[in-house]
Protein chains: 2
Amino acid sequence: MPASAQIHQPLYEVKADLFRGLAHPLRIRVLEILSEQVARSYDGDPTDGDAMGGEVGGVPVSDLLQQTGLEASHLSQHLSVLRRNNLVVGERRGSQVFYRLAYPQVADLLAVARVLLREILQTNQDRLTSSESLPAVGNSHRRDRTAR
Amino acid sequence: MPASAQIHQPLYEVKADLFRGLAHPLRIRVLEILSEQVARSYDGDPTDGDAMGGEVGGVPVSDLLQQTGLEASHLSQHLSVLRRNNLVVGERRGSQVFYRLAYPQVADLLAVARVLLREILQTNQDRLTSSESLPAVGNSHRRDRTAR
DNA sequence: ATGCGATATGATGAAGTTATCAATTCATCA
DNA sequence: TGATGAATTGATAACTTCATCATATCGCAT
């Protein structure tokens, strides 16, 4: 890699970092929980009573803990990754820490990803059921690596 | 995690996989090149003459090679990751292979990421110049890990 | 101040990813 | 057919990331 890229376009790096922050199932899980909470705060869905969700602003770690069934330190580590990548912010209120998305755009990103994913999955589905064997590319032996 | 999650929501996994596919500067680079090419094909920007860009559909690997300055096998490996994640498709035409985005939504995803990134960077910028020290959360010593 | 509940950090082995080099395949042309 | 250019695959060492356990910090109540 040319040194010039270092100074002028670490942009790819930064963007890649952003995605790297998202590149783990648990972190996605957490972000979706936080997105939901944002969404709920708009239309005031009453189904969460009070025992279940954050109310004022953000979801307490304890909630995330029980919703994910994770070990505390493990979750904490992932939260720290999310924090480092500026995807969430945590705020201490009393003895608990409440997390929320750092920017509403994070939810957008997840939403767009969801759309793309739907396309992808559907296409794959179709390919399977109609078994139309596209020649594709990769020196084409080794077909159907389907399930990654 | 309940076993039901395995069958019913490997969704987090799948989504995380998607992001993992994006989680590398070179792959972002490649995707942006391919996105550009898509964009250009709409408004027919004439600045690419002919020596530089794919014309019919997709960008040939040779172009990606010279634009990224990578070693062939290295690029190929990343392309293979992108292919595996259904982000691009490659098509052999004669002795060359032409790549393009598998779905236009991939470009959307990048665009949304760009927006988010702009927010993030700007906020960080602001924080730096005004040095308003938020208590933040993480047992708050160790400030300013800035450059990751 | 001491102790407790709630989170966060550190350290470490296991697992996964990236970069590099060698070997292979496919298409074209002599 | 054999040589050549274009791209992919395989193998492997260097590097990261993840999961787990132990330890530390913060805030609140005693």
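Every heavy atom of this structure was used, including side-chain atoms; hydrogens, water molecules and symmetry mates were not. All chains are named by letter (A, B, ...) in the order of the sequence lines, taking the proteins before the strands, and each is independently numbered beginning at 1.
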Check your understanding: For C:dA8, does OP1 or OP2 lie under 4.0 Å from any side-chain N or O of A:Y99?
Key -> yes
Check your understanding: So, the side chain of A:R93 versus the backbone of A:G57: is there a donor-acceptor pair under 3.5 Å, distance only?
Key -> yes
Point to revise | Rounded distance in Å - CG (B:L64) to C1' (D:dT8) | key: 14 Å
Check your understanding: Can you name the ring pair (Phe, Tyr, Trp, His ring centres under 6.0 Å) partners of A:H24, sequence neighbours left out?
Key -> A:H78
Check your understanding: Does A:Q77 make a side-chain donor-acceptor contact with the base of C:dA8, cut-off 3.5 Å?
Key -> no
Point to revise | Sidechain-backbone polar pair: B:S35 side chain, B:L31 backbone, donor-acceptor under 3.5 Å | key: yes
Review point. Just how far, in rounded Å, is P of D:dC18 from CG of A:L22?
Key: 12 Å
Every protein N/O lying under 3.5 Å from an N/O of nucleotides 27-30 of chain C:
none

Practice item. Starting from C1' on D:dT17, measure out to CZ on B:F19 and report it in whole angstrom. Key: 18 Å
Review point. Now, which nucleotide makes the Watson-Crick or G-U wobble pair with C:dA30, with each of the two distances under 3.5 Å?
Key: D:dT1
Point to revise | Given DNA chain D, 5'-ward residue of the pair A:H78 and B:S73, judged by closest heavy atom | key: B:S73
Exercise for review: Tell me which nucleotide among C:dA8, D:dA7, C:dT18 gets nearest to the side chain of B:H24.
Suggested key: C:dT18
Practice item. Look only at the side chain of B:T123 and the backbone of B:E119, and say whether a donor-acceptor pair between them is shorter than 3.5 Å. Key: yes
Study note, to complete from the structure: Per atom distances to the B:E71 side chain, the nearest of C:dT7, D:dA7, C:dC21 is C:dC21
Review point. Between C:dT9, C:dA19, D:dT8, which nucleotide gets closest to the side-chain atoms of A:S76?
Key: C:dT9
Point to revise | d(CD, B:Q96; C1', D:dT4) in whole Å | key: 15 Å
Exercise for review: Using whole Å, report how far CG of B:L79 lies from P of D:dA6.
Suggested key: 16 Å
**Study point:** Under-4.0 Å side-chain N/O to phosphate OP1/OP2 contact, A:R20 with C:dT17
**Key:** no
Exercise for review: Report the distance from atom CG of A:L70 to atom C1' of D:dC21, rounded to the nearest whole Å.
Suggested key: 15 Å
Review point. Would a distance-only check, ignoring hydrogens and angles, find a side-chain to backbone donor-acceptor pair under 3.5 Å from A:R20 to A:N85?
Key: no
Review point. Within this structure, what is the CG-to-P distance between A:L26 and C:dG16, rounded to whole angstrom?
Key: 15 Å
Exercise for review: Mind calculating the distance between CG (B:L75) and P (D:dG5) to the nearest angstrom?
Suggested key: 19 Å
Review point. Donor-acceptor pair, B:R27 side chain versus B:G21 backbone, under 3.5 Å?
Key: yes
Do any side-chain atoms of residues 106-115 of chain B form donor-acceptor pairs under 3.5 angstrom with protein atoms, and if so which ones, sequence neighbours left out?
| unit_1 | atom_1 | unit_2 | atom_2 | d |
| --- | --- | --- | --- | --- |
| B:R114 | NH1 | B:E32 | OE2 | 2.8 |

Revision key, fill the gap. Whichever of A:R27 and B:H74 has the more 5' nearest nucleotide on DNA chain D, that residue is B:H74
